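Accompanying notes for the structure given below.
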Number of protein chains: 2
Amino acid sequence: MGGLMRRPTIMDIAKAAGVSKGAVSYALNGRPGVSEETRKRILGIARDLGWAPSSTARALSPGGRVGAIGLIIDRPAHSLGVEPFFMQLVSGIEMELAITGSDLLLQVTEDHEAEIGAYRRWFAERRVDGVIMVDLRVDDPRVALAEALPLPAVVLGGPHGAGPLPCLYTDDAASIREVVHYLAALGHQRIVRVAGPHGFVHTRDRTRAFEAASAEVGLADAVTVHADYTGEAGARTTRRLLARTERPTALVYDNDVMAVAGLGVAREMGVDVPGQLSIVAWDDSTLCRLVHPPLTAVARDVAACGREAARMLAEAIGGRAVRSRETARGELQPRGSTGPLAG
Amino acid sequence: MGGLMRRPTIMDIAKAAGVSKGAVSYALNGRPGVSEETRKRILGIARDLGWAPSSTARALSPGGRVGAIGLIIDRPAHSLGVEPFFMQLVSGIEMELAITGSDLLLQVTEDHEAEIGAYRRWFAERRVDGVIMVDLRVDDPRVALAEALPLPAVVLGGPHGAGPLPCLYTDDAASIREVVHYLAALGHQRIVRVAGPHGFVHTRDRTRAFEAASAEVGLADAVTVHADYTGEAGARTTRRLLARTERPTALVYDNDVMAVAGLGVAREMGVDVPGQLSIVAWDDSTLCRLVHPPLTAVARDVAACGREAARMLAEAIGGRAVRSRETARGELQPRGSTGPLAG
DNA sequence: CTCAGTTGCTGAACCGGTTAAGCGGCGATG
DNA sequence: CATCGCCGCTTAACCGGTTCAGCAACTGAG
């Protein structure tokens, strides 16, 4: 007990139990090949010794898993700080991983190329068993990459553009429709959507749905302007929109950070929310409830999405064919930032 | 080229080069034992084959490193979503890891016991070479644990309570002092600090510094109330404070999330900021600039802290003795949320 | 009583690297 | 000319697991 003990190995257990290495392995993995009595004895010794399998040794065997999955977030570092989405996602993923004792490798990259390179490295170095991909882009090269390596992958997004990869998608169109109908019912005629960058599949999908829904309720033109999810861009864009002579009476933002920034700008410019301007955020978070007035938002359970994606990935890693699934759709949470025009 | 290629190993390289496994290993690791000519040839073949070392195999060798470090965040999942601090920290850590090609294992736990268990598992399973510990507590059991396992660790915080572990600490006392003097100079007499939970070392350190600084400028009692870093708690606490008959004229929050929530409450209760109430946030983030008025904050470069901590950990893993270091201290960023009382 | 099948274990190969030890050939040295 | 030492490489062991083939002992059927 005095000095530093070497980490116990199955060989130590084997010696203590007076059996061979192989027998210990069978016993510990619940496989046939040892008597029930011997198994119990071996398990007892393993517990006493505080043994845990070396993940590296286990992974080395043919067909061995490393017991880790990867997630890469490719957003400018400064924008990322505030976005609650990813942390919620990570929490959800880890709930699932905790069950199997797997781990999450997280990487934050500055550009798309670095992200691709990171997947390549992870595969080549055998760092992960699979990955969850977020922020699917139009003609996303990651889809082909995952197939080519091959690296088990689940896409959070789609289903358009996910190709053969299993994906977990959300029917954003339905939510957009709900938002537009809601705002129209409040009497809004000039609704502008402040979206994320062009490249993302979900941006494009939402834009199309926004146009369709606007047509349904008889709005002349459904204008979508693009920003980059950062508070700065959200503020700048909002400032420009509110400076127009015919300024919009409702703004729909593609994330919570831009919506909060927009609210700040409205306040700064003396535009009353919701009296003169209604604001809707996408992806609810405590951030939306922190500000005053609290923001009406399209809420979905991001952690649950992460959990489900992790579950699907585990299946894919297990070699089973995984079917794409739809998540519960985002639901409109009306709060203080939306209402009819005052006066 | 047709079918699925097996991942190339050094054995494949050895065959192609007509040398032994060992020679290839020497060549790839830049060690003596092969001629410069042979080395070049081997490196060329390795590149052509797209070879990368299997991290699991490499880690298995005696003295081998797994090439990964761990970070555990022990905060309630819902609070965590919004807190920009951790994401900035992660970005910083990864800047450093990118240099050596190491990876980050991130875990989010619900309680302190789970965190301890995760370190144990990581060590036993040989998942990480070392860890960065945040949110140091008074009499933190993690300090003894890291020594006992032994698991290389760097503490972000301290230096009190970090014991023998190297730590990267910030002189919060100086910043607190700056804040108190600044507010006193603006004429504030009733300053209340909305702090994090009792258990944290930095909470205690700041409380002491707050009391000392208040005495310096002749404030009767320096009141600190405790919350849990969440927006909800920040809002609740602020509501209670502003409802007092002799309500505070300045509030200093221990994180940005509570400060933003506090601003929302002030607005909701019709208390003008900064006319009737000044607000100071700790740990600046874009969140503070998003709201209106933008929050005066104590800013420090969190990403740089993460980077430095990762650097220190790399040294510790390398077996060198690491000296604790001090970071640049937080600097007060005066913005719109602070000023003299109006009227 | 024989023979096949099962049970419970052992021994050894294997995964993909690292590294100590050994060894032939060469140039420099005495 | 013999010897020493170094260079450049090979061989083999090792890390800590998994897994297959083999084998002795026992069981049950014919």
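From a predicted model like this one, the values you see are computed outputs, not experimental measurements. Protein chains get the first letters and strands the later ones, always in sequence-line order, with residue 1 at the start of each.
- For the pair A:Arg311 (side chain) and A:Gly306 (backbone), a donor-acceptor distance under 3.5 Å is absent.
- Between B:Gly22 and A:Asn29, the residue whose closest nucleotide on DNA chain D is further toward the 5' end is B:Gly22.
- Enclosure of atom CD in A:Glu113 is not indicated, since only 12 or fewer non-hydrogen atoms of other residues, nucleotides or ligands lie within 6.0 angstrom.
- Note: CG (B:Leu60) to C1' (C:dC15) measures 9 Å, nearest angstrom.
- One atom, CG of A:Asp12, and another, P of D:dG16, lie 8 Å apart when rounded to the nearest Å.
- In terms of polar N and O atoms assigned as donor or acceptor, the side chain of B:Lys21 comes within less than 3.5 Å of the base of C:dG17 in a complementary pairing.
- Taking only side-chain nitrogens and oxygens, A:Arg31 comes nearer than 4.0 Å to OP1 or OP2 of D:dT19.
- Along DNA chain D, the nucleotide closest to B:Pro62 and the one closest to B:Ala23 are compared, and the more 5′ of them pairs with B:Ala23.
- Using a 4.0 Å cut-off, some side-chain N or O of A:Trp51 falls inside it from OP1 or OP2 of D:dG17.
- Residue B:Arg58 has no polar side-chain atom (N or O) positioned under 4.0 Å from OP1 or OP2 of C:dG16.
- Computed from coordinates, the B:Ile10 CD1 to D:dC15 C1' distance equals 14 Å when rounded to whole Å.
- The separation between A:Tyr26 atom OH and D:dT19 atom P is 8 Å, rounded to whole Å.
- Using a 4.0 Å cut-off, some side-chain N or O of A:Ser25 falls inside it from OP1 or OP2 of D:dT18.
- Note: CD1 (B:Ile42) to C1' (C:dT18) measures 15 Å, nearest angstrom.
- Rounded to an integer number of Å, the gap from B:Lys40 NZ to D:dG8 C1' is 16 Å.
- Defined by atom type and a distance below 3.5 Å, a donor-acceptor pair is present between the side-chain atoms of A:Trp122 and B:Asp103.
- Residue A:Thr56 places no side-chain N or O under 4.0 Å from the OP1 or OP2 atom of D:dG16.
- Looking at heavy-atom distances under 4.0 Å, B:Ser20 makes contact with a base.
- Within 4.0 Å of A:Ser35, counting heavy atoms only, lie sugar-phosphate atoms of the nucleic acid but no base atom.
- Contact annotation: B:Ser54 side-chain N/O to C:dG17 OP1/OP2 distance is not under 4.0 Å.
- Atom CZ of A:Arg41 has more than 12 heavy atoms from other residues, nucleotides or ligands within 6.0 Å.
- A side-chain donor-acceptor contact under 3.5 Å links A:Thr170 and A:Thr327.
- Between the P atom of C:dG11 and the CE atom of A:Met11 lies a distance of 10 Å, rounded to the nearest Å.
- Between the CD1 atom of B:Ile13 and the C1' atom of D:dC9 there is a distance of 17 Å, given to the nearest Å.
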